[in-house]
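Have a look at the structure below, then the notes.
Model, not experiment: these values are computed from the prediction. Start at 1 and go down the list; that is how both ligands and their atoms are numbered.
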Amino acid sequence: MIKIAIIGFGTVGQGVAELLARKRDEIEKKIGRFKVVAVADLTGAMTGEFRLEEAIEHRRKGGLPEKKSAMEIAENEDYDVMIEVTTTRLDEEGIAYMKVALERGASVITSNKSIAVALMDLLRLAKRKNVKLLYEATVGGAMPVIKLLNSYLAFCEIRSLKGILNGTCNYILTRMEEEGLPYNQVLSEAQEMGIAEANPTADVEGIDAAIKLVILANTIGYPAKFEDVKREGITKITPQAFKVAMQKGYTIRLIAEASKKSLRVSPRLVKLNSLLAIKGTLNALMIQTDTAGEIFVAGRGAGKYETASAILSDLYELHRDR
Ligand code: HSE
């Protein structure tokens with residue numbers, strides 16, 4: 001029986017719980033029986049015998065019923081896998097939960113982009129403890145990239161990665177391209193629709209894309225840090241810039257690019273017929289390799305079930321050989 005603790009029970013945590021409940025039979029056919037032994041977030045916790053639907057219901061009505069902190073759960077519950085899905089804040093909180101789990105000999109699956117500040121250390125710790133840290137959900141939501149780089153392309157030299165890693169920016173730029181609207185108007189629309197964050201600075205200043213680029217770079221062995229990324233956001237792009245670009249057969253996208261020489265996130269001209277001229281909230285990644293040539297992937301970069309799907313794919317990865 002695989003014992004799972006879910007730390008963080010907001011949108012993604014609840015998405016994971018819903019999918020675990022809804023797809024239990026299929027999941028158990030593939031990886032064997034599992035039980036969620038604890039869920040915890042800032043509102044409280046739930047441990048012992050409970051149904052996932054109950055936990056979701058409690059959370060919807062205001063909070064989880066037990067007055068235990070997430071750290072108490074991380075330190076004391078008996079679990080084999082921690083699913084760490086707290087919010088990305090680039091601080092030590094989420095990382096602290098993960099460290100506790102790894103130190104205790106449990107594997108960790110996370111969607112928390114905070115790992116960008118400690119990924120190499122966490123991977124070393126996991127290796128030392130003979131467990132795994134899996135983080136497919138941190139980059140590109142449902143778009144499969146981490147396992148693609150780590151497994152399928154394991155023996156390729158990755159020469160460069162280039163892509164679109166922020167759905168909010170791509171949505172804003174698409175609307176500007178298609179309707180000639182000014183940046184501010186599209187941003188407030190994106191906020192009203194709930195696509196952009198309440199404080200969208202991390203999106204529009206390229207911070208979110210830079211964090212994801214660091215995670216990708218670390219995954220292929222570049223020891224890059226956030227400070228190494230040359231970064232420019234999309235706040236200065238005007239409808240006029242789009243007009244000029246489009247007359248010449250180009251559009252503008254926020255492109256994240258990593259090569260051995262540099263890491264960069266910036267608005268770039270992209271040919272209108274290029275694969276990277278994708279529209280809306282999609283993410284995409286172009287991978288240049290030595291022996292496999294060029295690989296292109298695209299998919300939904302965010303969303304409750306999309307991110308939860310990536311978490312479940314890591315759960316499968318962890319237990320596929322059982
Ligand atoms: N704010 C992010 C985006 C969410 O727009 O892509 C997914 O990390």
Inset, instruction - Please say whether Ala302 places an N or O atom under 3.5 Å from an N or O atom belonging to ligand 1. - result: no

Legend entry - Atom indices of ligand 1, in the order listed, that fall short of 4.0 Å to a heavy atom of Gly167: 3 (C), 5 (O), 6 (O)

Inset, instruction - Have a look at ligand 1 and work out which part of Asp203, if any, has a heavy atom under 4.0 Å from it: side chain, backbone, both or neither. - result: side chain

Inset, instruction - May I ask you to test the Arg300-Leu282 pair for a side-chain heavy-atom distance under 4.5 Å? - result: yes

Legend entry - Interfacing atoms of ligand 1 (cut-off 4.0 Å, heavy-atom, Gly301): 7 (C)

Legend entry - Element-labelled atoms of ligand 1 that are located less than 4.0 Å from some non-hydrogen atom of Lys113: 7 (C), 8 (O)

Inset, instruction - Grab the two heavy atoms, one from Tyr183 and one from Met176, that are nearest each other, plus how far apart they are. - result: N-CE, 3.8 Å

Inset, instruction - Report the part of Asn283 (side chain from C-beta onward, or backbone N, CA, C, O) that has a heavy atom under 4.0 Å from ligand 1; answer both or neither where that applies. - result: neither

Inset, instruction - Please step through side chain to side chain contact (heavy atoms under 4.5 Å, CB included) for the pair Ile2 and Arg33, ending with a clear verdict. - result: CA-CA 6 Å; Ile2 306 162; Arg33 296 194 62 209; over 6 Å; no

Inset, instruction - May I ask you to say whether Lys35 pairs ionically with Glu49, meaning some side-chain N is under 4.0 Å from a carboxylate O? - result: yes

Legend entry - Thr43 (side chain) donor-acceptor with Leu64 (main chain) under 3.5 angstrom: yes

